[in-house]
Amino acid sequence: MSTVCTTEAVPANKIMIETMPQPTLIHVSAVVLRNSHDELLTVRKNGTARFMLPGGKPEPGEDPKETAVRECQEELGAHLVPENLRLLGTFRAPAANERGSEVEATVFTYPEVFDVAPSAEIAELRWTPLDQKLPPDLAPLLEYRVIPLVTQSSQ
């Protein structure tokens, strides 16, 4: 088998560009909640395998802070004070549970939270130590965008 390379210019009208479908973009708000042991609260939703930050999609008319507060109340029974939320940033990554989609998350931090329990669509809560090897079942946004920033800022 031989390969032929050429330096000939190809007229623009002869170039066929194959376009890939754009991934669906899912907008969410999420909250970094830590306990006194410097563990990060992660949640796994019903019917999914990946752990992520508590949070979710906005209702019509909600801003990202309002979404974060409502979702933490629904998912964890946590009553967050909006004024105590601090913007960590807005991040994009492949969606953990929606194949072919990307998630764009507005992520906040919040002071220590004590009483949380799974409710709504949450199947499981897990406090994840950040000073140990991370578990293999974290959502890409959490593992590759949020945790590196959180651990860097706490050093």
Within the 4.5 Å heavy-atom criterion, are [X] and [Y] side-chain neighbours or not?
{"X": "M52", "Y": "V103", "answer": "no"}
{"X": "L149", "Y": "V107", "answer": "no"}
{"X": "V116", "Y": "W127", "answer": "yes"}
{"X": "L40", "Y": "V150", "answer": "no"}

So, using side chain to side chain contact (heavy atoms under 4.5 Å, CB included) as the criterion, who are the partners of [X] when residues are at least two apart?
{"X": "A68", "result": "S29, V31, L85, F108"}
{"X": "E121", "result": "K45, N46, E71, E75"}
{"X": "P118", "result": "I122, L125"}

Heavy-atom closest contact ([X] atom, [Y] atom, distance):
{"X": "A139", "Y": "A96", "result": "CB-CB, 3.6 Å"}
{"X": "P54", "Y": "L41", "result": "CD-O, 3.7 Å"}
{"X": "I26", "Y": "S101", "result": "CD1-CB, 3.7 Å"}
{"X": "T106", "Y": "P64", "result": "CG2-CB, 3.8 Å"}

Contacts satisfying salt bridge (Lys or Arg N to Asp or Glu O under 4.0 Å) that involve residues 131-152 (not counting sequence neighbours) are R126-D137

Pairing residues for [X] by the side-chain hydrogen bond (donor to acceptor under 3.5 Å, both in side chains) criterion, not counting sequence neighbours:
{"X": "N35", "answer": "E39"}
{"X": "S119", "answer": "none"}
{"X": "T48", "answer": "none"}
{"X": "E98", "answer": "none"}

Once salt bridge (charged side-chain N to carboxylate O under 4.0 Å, His left out) is applied, do any residues pair with [X], and if so which ones, sequence neighbours excluded?
{"X": "E104", "result": "R92"}
{"X": "E62", "result": "R70"}
{"X": "K65", "result": "none"}

Contacts table for residues 76-83: side-chain donor-acceptor under 3.5 angstrom, sequence neighbours left out:
residue, atom, partner, partner atom, Å
H79, ND1, Q73, OE1, 2.7
H79, NE2, Q73, OE1, 3.4

side-chain contact (heavy atoms from CB on, under 4.5 Å) between L142 and T128: does it pass, once the steps are laid out? CA-CA 11 Å; L142 179 57; T128 303; over 6 Å; no

| field | Hydrophobic cluster membership, L130 vs L141, 4.5 Å side-chain cutoff | value |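 Yes, L130 and L141 fall within the same hydrophobic cluster.
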
Count I, L, V, M, F, W, Y as connected when their side-chain heavy atoms are under 4.5 Å apart, and connections chain through other members. Are L33 and L87 then in the same cluster?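 L33 clusters together with L87.
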
**Prompt:** In Å, rounded to the nearest 0.5 Å, how long is the span from OH of Y110 to CG of N84?
**Reply:**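 One gets 4.5 Å once the value is rounded to the nearest 0.5 Å.
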
